[in-house]
Amino acid sequence: MNLRTRLTIAAGAIAAGAMLLVSVVLYPAVEANLRGQIDSSLVAAAAKAPDVAKAIKQKFKGTPNESAFPTVPLGIGSTQLQIVPDPVQAGPSTEFVDVTERDVKVAKGTAAPYFRNAVYDGIEYRIYTAPFPGSPSTLVRTAIPQSDPAPTLHQLAWMLAGSTVAAGLLAALAARLAARRVLRPVRRLTETVELIRTTGDLAIPIPADSQDEIGRLGSAFAGMTATLDESVGAQRRLVADASHELRTPLTSLTVNLELLAENLADAQAPHLAAEALGQAGELRTLINDLVDLARYGQPAFHTEDVRLDLVAERVAARASRRAAEIEFDLACAPTLVHGDPDALERAVANLVDNAVKWSPPGGRVLISLEAGALEVGDAGPGIPDSDLKFVFDRFYRSPAARAHPGSGLGLAIVRQVAEAHGGTAEAVPRPTGALLRLTLPVCQLP
C-alpha cells in the first residue's frame with residue numbers, strides 16, 4: 001500500500017470517526033430533549049385537568065350525569081388525560097393502565113408525582129401521575145404514546161448515519177486529490193534518487209525548490225550526494241596521483257635490481273644496490289605518508305587538551321639533533337588546543353621538516369606560536385606566488401622541489417589535520433624564504 005492510499009484511508013477514517021463521535025453525542029441529546037418535551041407536555045396537560053373537569057361538568061349540567069365524571073381517558077390531541085376520582089384504589093383497570101400502590105400514595109399526597117412507561121392495549125405510553133389540583137384524594141394521569149418521537153429519532157439516526165458515510169467518503173476523496181499534489185515533490189525526489197542509484201551519476205541535480213520539509217529533505221539529499229561526489233572524486237584523484245608517484249620509483253627500482261641480478265660481480269653492483277635501497281626508502285616513506293593521510297582524514301578516536309607550544313618545542317628539539325647545521329629560533333606563547341595529540345605533532349613535524357629541507361646550511365628556521373597560529377619560516381628560496389595556493393595539495397611538487405627527496409604528501413597531511421580540527425593551513429607570501437601557517441581553535445588555559 002503506497003503512501004497516497006494510506007493518507008486517503010487515514011483522512012476518511014478520521015472524518016468518519018469524528019462524525020461518529022458527533023452522532024454518539026448528538027443522538028442521545030436529541031432523544032433526551034424530545035423526552036423532556038414530552039414530559040413537559042404531560043405536566044402541562046395535568047395542570048389543565050381542573051379546566052377539563054369544569055368543562056365536562058358544564059356540558060352535563062342539568063342532566064342525570066351532572067355529578068358524575070367519566071373515568072375513561074379523554075383524548076386531547078395526542079395526549080390522553082384520565083381523572084381517577086376518590087377513593088383511589090390499587091388494582092386492574094379496564095379503562096386504562098392499572099392503578100399501582102404508588103398511584104394511591106400520590107393521590108393521598110404521601111408520594112411525589114412521577115413518570116413511568118406502561119403498555120395498554122398493545123401501545124406503550126409515557127405516563128405522568130399527579131394529584132388532582134385542589135383535590136388531594138383524586139388522581140390525574142396524562143399519557144402520550146411512546147411512538148410519537150420515534151419517527152423523528154429514526155430520521156435523525158438515518159441522517160447521522162448518512163452524514164458519517166458521506167463525510168468519510170468526501171474526506172477520503174479530498175485527501176486523495178490533495179495527496180497527489182502534496183506528494184508530487186516526494187515522487188520527483190524518489191525518481192531522481194533511483195536514477196542516481198541506477199546510473200551511479202552523483203552529479204544529477206536533485207530537486208529542492210520548496211522551503212518545507214520536502215524541500216529540506218531534497219536539500220539534504222543534494223548536499224549528501226555533493227559530498228559523496230566530492231569524496232569519490234578525491235579518492236579517484238588520490239589513486240591516480242598515488243599510481244603516478246609510485247610508478248617512477250618502482251620502475252627505477254626494478255631496473256636497478258635487474259641490472260644487479262645480471263652480473264653480481266659488476267663493479268657497479270654496490271652503487272646499484274645503494275640506489276635500490278634509496279628508492280625502497282622513498283617507497284616506504286610514500287606508503288607511510290599515504291597511510292597517515294588516510295588515517296588523519298578519519299575522525300579522531302582519542303582527543304585531549306594539548307599544549308601546542310610544548311609540541312613545537314619537542315619537534316624543534318628532534319629536528320635540531322638531525323640537522324645540526326640549522327639554527328632554530330622559537331617564540332612560542334603558551335597555547336592550549338583540543339585534538340588528537342599524535343596528529344597535531346605529525347602536522348607540526350611536517351612543517352618543521354619542510355623548513356629544514358629548504359634551508360641552506362647555516363640557515364635559520366623560525367617557529368612562532370601566538371593565539372593559535374603556528375608559523376614556521378625558513379631562509380630558503382621561497383615559494384613563487386603562483387604556487388602559494390597549491391603547496392598543500394597532495395603530490396604537488398614545484399619544478400624546483402622535484403630534485404629534493406619527499407613524497408609530496410607532508411603538507412597535504414598538515415592541511416588535513418588542520419581541517420579535521422576546525423583550523424586552516426596556508427602559505428603566507430613573503431619576500432624571502434617560505435612562511436607556512438597552521439591555525440587552530442584555542443582553549444582557555446587553566
Side-chain angles (χ1 to χ4, degrees), residues 22-161:
V22 170
S23 302
V24 169
V25 175
L26 182 61
Y27 186 87
V30 172
E31 184 179 18
N33 184 52
L34 291 176
R35 300 300 180 192
Q37 291 179 7
I38 291 174
D39 291 348
S40 297
S41 65
L42 291 176
V43 173
K48 295 179 181 178
D51 296 335
V52 174
K54 183 178 179 181
I56 292 176
K57 287 184 178 182
Q58 187 69 25
K59 180 179 180 180
F60 289 101
K61 187 176 181 180
T63 66
N65 295 326
E66 180 179 356
S67 60
F69 189 86
T71 58
V72 297
L74 301 175
I76 305 176
S78 62
T79 304
Q80 301 292 320
L81 185 146
Q82 182 188 32
I83 299 175
V84 182
D86 182 46
V88 178
Q89 296 179 350
S93 172
T94 59
E95 293 140 346
F96 198 43
V97 297
D98 298 341
V99 178
T100 64
E101 292 291 342
R102 188 174 180 180
D103 293 343
V104 176
K105 292 179 181 180
V106 171
K108 292 179 179 180
T110 58
Y114 72 99
F115 295 93
R116 68 184 176 114
N117 296 331
V119 177
Y120 177 74
D121 199 17
I123 302 175
E124 185 177 2
Y125 288 91
R126 178 71 169 170
I127 303 173
Y128 174 67
T129 303
F132 190 85
S135 180
S137 59
T138 304
L139 193 68
V140 59
R141 298 193 294 185
T142 55
I144 290 181
Q146 284 277 56
S147 60
D148 281 359
T152 302
L153 291 175
H154 289 163
Q155 292 177 3
L156 177 63
W158 280 109
M159 183 184 70
L160 292 175

- [ ] Check Val97 against Val119 and note the closest heavy-atom contact, atom names and distance.
- [x] CG1-O, 4.1 Å
- [ ] Anything under 30° is parallel, anything over 60° is perpendicular, the rest tilted; go ahead and classify Phe96 against Tyr125.
- [x] perpendicular
TODO: Please tell me if the side chains of Leu81 and Ile83 come closer than 4.5 Å, counting only heavy atoms from C-beta onward.
DONE: yes
Open item on the list: Can you tell me how far apart CZ (Phe115) and CD1 (Ile127) are? Round to the nearest 0.5 Å.
Closed with: 11.5 Å
Open item on the list: Let me confirm one number: the OG1-CG distance from Thr129 to Leu42, rounded to the nearest 0.5 Å.
Closed with: 9.5 Å
Task: Charged tip of Arg102 within 45° of Tyr114 ring normal and under 6.0 Å - done: yes
Open item on the list: If you define the side chain from C-beta out and look only at heavy atoms, does anything of Arg141 sit under 4.5 Å from Val106?
Closed with: no
Open item on the list: Rounded to the nearest 0.5 Å, what separates atom OG in Ser40 from atom OH in Tyr128?
Closed with: 10.5 Å
Task: Smallest separation among heavy atoms of Thr142 and Ala46, with atom names - done: CG2-N, 3.5 Å
